[in-house]
Every structure is written in structure tokens, then in C-alpha cells.
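Below is one structure, written out as C-alpha cells; the observations come after it.
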Amino acid sequence: MAYDETGRIAPVETSSGVPAAVLANVFDDPSHGEPGRDRIAVHVVWEFLLLVGLAAVTWLLWREDADALRGDALKTLLVDVAGLGLLTLAAGLSLRAAAVNLAIGPVALAAALHFAEQGDRGVREALLPALVVAALGGLALALAVVVLHVPAWAASLAGAAAVIVYIERRTTPVVVQGGYDPRRTALYLFVGFAAVAVLGGLFGAIKPVRRLVGRFRPVADPARRRGAVAATVTALALIASTVLAVLGGVLIAANGDGPVAPASGLDWSVLAIGAVMLGGTSAYGRRGGIFGTLLAVCAVEVFLAWAVTQDWTISRWAVGGATLGAGLLVTRLVETFGRPRPGGVPAGPSGDGTISTGWALTPSPEPADAWPSVLPVRDPDTVDSWESPRWESEPRRWDAGDR
């Protein structure tokens with residue numbers, strides 16, 4: 001049994017008894033996480049099912065109206081996918097960081113109204129002020145979440161209320177001004193969204209990146225702070241999600257076939273969050289797929305286009321609610337089958353862990369009940385030199401008379 005003093009350089013043990021050097025290779029969160037690496041197979045299976053669903057609804061649309069998949073109608077559909085895709089990327093980024101941003105819908109609608117009013121000044125002149133305001137608003141939201149360490153859904157809902165107050169200053173729909181037509185670059189917009197979605201999923205599948213982005217995810221008491229690194233990453237995610245929402249709102253306004261009507265915009269939040277969860281991103285944060293977001297957004301937009309061919313009038317709230325409900329089931333699947341396998345920790349030293357005083361116990365190779373002898377065992381046939389009779393029989397070399 002050996003002890004290491006506090007302050008000395010030694011491998012730290014966690015409550016599981018496995019050294020931190022081992023846990024760093026097998027835990028997604030070495031301090032608290034479950035043993036083993038996240039499994040990606042559940043995302044592969046679910047994304048294959050999404051691909052089958054997308055192919056089915058696309059076939060239904062082509063059967064009802066083949067013209068919807070060619071020419072200007074196809075360009076309009078691609079821009080719709082890119083617009084909703086930007087909102088979904090905003091929702092997905094905040095969800096991956098375990099700090100969902102519910103204000104993305106109202107922010108997108110406010111940006112659409114602003115662009116509709118200022119679009120005649122030019123795209124750059126109308127867009128830049130909106131992006132600056134979005135970055136500052138995202139920064140204020142991020143500071144509220146990471147400094148006060150309050151739930152992101154509550155803080156972003158308060159931010160959404162403030163944005164809705166700005167929207168309600170308009171009592172009538174606003175006709176889009178200017179001549180910007182995103183359909184002229186529809187293919188580039190769609191490819192750009194697809195590339196960002198897939199590359200983001202690929203980077204999110206890398207263990208260090210996934211661990212870094214999802215570091216804000218609570219592992220014990222949700223009110224406990226997760227450190228400066230987690231706060232910084234979460235703040236950047238909230239700022240970026242707010243900026244992406246502005247870009248999505250501009251595309252939605254420019255691609256519309258009528259004026260932009262003032263509303264709460266929360267239906268866009270529900271639809272975007274539902275789409276990203278349907279794609280396989282966990283509502284708890286950190287876990288997510290690769291192609292899921294792209295496939296889910298395409299499936300939702302193609303379904304809406306097919307509903308138009310059926311002369312159905314479907315509320316965005318209804319589609320968003322159904323998508324969100326299905327996304328909750330997907331989250332349960334991801335968290336159940338995407339977590340590490342039980343018993344995934346490699347065999348390592350076990351012992352009493354770390355004592356509260358900081359002394360670390362190194363387990364003895366002997367069994368606990370096999371204590372080594374403190375005193376040597378005496379052989380009865382061996383004469384002890386200290387008990388030898390020569391001490392008394394030999395003449396003494398020193399005597400008081402020899403002085």
C-alpha cells in the first residue's frame with residue numbers, strides 16, 4: 001500500500017477507480033461521463049430511414065406535379081430548403097452546445113421585416129445592420145446564460161419576447177422592397193447549406209470536437225457551472241445561432257410570394273428545432289448525426305410542397321408540432337442506443353480511489369486479507385545470537401578496576 005501526497009504529479013483517479021489517463025481515452029466526459037465512447041450506429045440507421053422517407057415524399061410530389069421539381073419551381077424549393085436550413089443550423093448549433101436558442105424564430109421574422117422595409121437600399125446596406133444587431137443580441141443572451149448560469153431556454157424565451165415587441169410595432173404586412181431574387185443563385189445557396197450541415201456533422205462526430213462543443217451539457221446538478229471553456233464555447237454557439245437566424249429570415253422574406261406579415265415567429269422556432277431533432281440531434285446536447293439535418297430539412301420542405309399540390313392548408317404550428325414530437329422520440333432513441341456500451345471501460349487498477357485529504361491509494365498486489373508478517377518467523381532450531389551464552393561465559397574486557 002502506497003500513498004501519494006497532495007500536490008505531487010500523479011495520475012488522478014476518478015470515482016470509478018480508473019485513472020484519468022485511461023478515462024480520457026474512453027470517456028466523452030472524463031470527469032463524469034459514462035464509460036465508453038458514444039455509438040454512431042444509431043445515427044447511421046436513422047439517417048438511412050430518413051433517406052427512404054425523403055425518397056418516398058419526393059416520389060409523391062413528382063407523381064402529383066412533376067413541374068414542382070423542375071425549372072423555377074425547383075429553384076424556389078431549393079431556396080426554401082436553404083432558408084429553413086439556416087434556421088435549422090442555428091437550432092442545431094445551440095442544441096449541440098446544450099443551450100437551445102428559442103429566439104431564432106422571432107429573430108428570423110424580425111430580420112425578414114427589416115429586409116422587406118430596407119431592401120431597396122441594397123442587400124449589403126440592409127443586411128449589415130441586421131447582422132450587427134443580431135451579434136450584439138446574441139452576445140447579451142450568451143452573457144445571461146453563461147454568467148448567470150441560467151437555463152438557455154428561459155433566457156432565450158425572454159429574448160424572444162423582446163424581439164416580438166419590436167415585431168408588434170408593425171400592424172400591417174410589409175411588402176418586400178428591392179430587386180434581390182435568391183432564386184438566381186438557388187443551387188449555390190442549397191449546396192452551401194448542405195456543405196455546412198454535412199461538414200458540421202462530420203466535425204461533430206470527432207470525439208474531441210463533440211466533447212468540446214457539448215461541454216455545457218450537465219452531468220450532475222444542472223445548476224453547477226461547467227467551467228470557463230464550456231462557457232466560452234456556449235457563448236459563441238448562441239451568438240452564431242442568432243446570426244444564422246438573421247440570414248435565414250432574409251432568405252425567407254426574399255423568396256416569398258407576398259408581403260411579410262407580423263407575427264410572433266415562435267412557429268419558426270418550433271419548426272427549426274423539431275427538424276434538427278428529427279435529424280438526430282439530441283435535445284440534451286452533444287450527440288448528433290452527420291446527414292440527418294440535411295435530410296430532415298429536405299423532407300419537411302418537400303412535404304410542404306406536396307401538401308400544396310393536395311390543396312391542403314397546413315399551419316406551420318401543426319407541422320412544427322408534429323416534427324418536434326417525432327424529434328422527441330428520436331432523442332430518446334439517440335440517448336438510449338447512442339450512449340456507450342455497458343462495461344466499456346478497459347481493465348484498470350481498482351482500489352479505494354481518492355481519499356478526501358488528497359492521499360491517493362495504490363492497490364497492493366496481494367489480497368486484502370493476506371497481510372504480510374510484521375515480525376520474522378523464528379526457527380526453533382536456530383540459536384539467536386543475542387541470546388548466546390557467550391555473553392556470560394566470556395571474560396569481560398572492561399572492568400572498573402582497569403581504569
Side-chain angles (χ1 to χ4, degrees), residues 12 14-16 20 23-24 26-39 42 90-105 137-162 204 207-242 266 269-270 272-274 276-289 324-325 327-340 342 353-354:
V12 181
T14 61
S15 58
S16 64
L23 296 184
V26 298
F27 279 15
D28 274 324
D29 190 336
S31 300
H32 307 93
E34 296 175 286
R37 296 183 177 90
D38 287 346
R39 291 178 284 178
V42 62
L93 182 59
S94 62
L95 269 180
R96 282 287 189 113
V100 60
N101 187 356
L102 298 181
I104 55 176
L139 177 61
L141 173 62
L143 291 177
V145 172
V146 303
V147 174
L148 299 179
H149 198 75
V150 294
W153 66 265
S156 61
L157 194 60
K207 184 182 70 173
V209 177
R210 182 179 65 248
R211 181 192 300 174
L212 177 65
V213 174
R215 196 180 182 91
F216 202 71
R217 170 172 166 155
V219 294
D221 184 356
R224 294 181 60 183
R225 297 182 184 273
R226 296 287 286 143
V229 175
T232 302
V233 173
T234 303
L236 293 176
L238 289 172
I239 295 172
S241 67
T242 309
L266 289 174
S269 294
V270 173
I273 295 173
V276 74
M277 289 173 57
L278 182 65
T281 301
S282 173
Y284 296 102
R286 196 179 76 192
R287 296 190 172 105
L324 185 59
L328 292 175
L329 297 178
V330 176
T331 288
R332 185 68 272 159
L333 291 176
V334 168
E335 290 294 332
T336 300
F337 298 104
R339 66 178 56 179
T354 304

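Positions are given from 1 along the sequence. Atoms considered below: every heavy atom in the structure, side chains included; atoms not considered: hydrogens, waters and symmetry mates.
In this structure, Thr336 contributes its side chain and Leu333 its backbone to no donor-acceptor pair below 3.5 Å. A donor-acceptor pair under 3.5 Å links the side-chain atoms of Arg226 to the main chain of Arg215, judged by distance alone. Side chain of Ser94 to backbone of Ser241: no donor-acceptor contact under 3.5 angstrom is found.
Leu95 and Val276 make their closest contact through CD1-CG1, 3.4 Å (heavy atoms, listed as atom of the first residue, atom of the second, distance). Residues Ala91 and Ile104 come closest through the heavy atom pair CB-CD1, 3.6 Å. Counting all heavy atoms, side chain and backbone alike, Leu93 lies closest to Ala240 at CD2-CB, 3.5 Å.
Separation of atoms CZ (Arg287) and CZ (Phe337) is listed at 13.0 Å; rounding is to 0.5 Å. Between Ser282 atom OG and Leu328 atom CG the span is 10.0 Å, to the nearest 0.5 Å. To the nearest 0.5 Å, the span separating CZ on Arg211 from CZ on Arg286 amounts to 9.0 Å. Note that CG of Leu141 is 11.0 Å distant from OG1 of Thr234, once rounded to the nearest 0.5 Å. Atoms CG and OG1, from Leu139 and Thr242 in turn, are 10.0 Å apart once rounded to the nearest 0.5 Å. To the nearest 0.5 Å, atom CD1 of residue Ile273 and atom OG1 of residue Thr281 are 11.5 Å apart.
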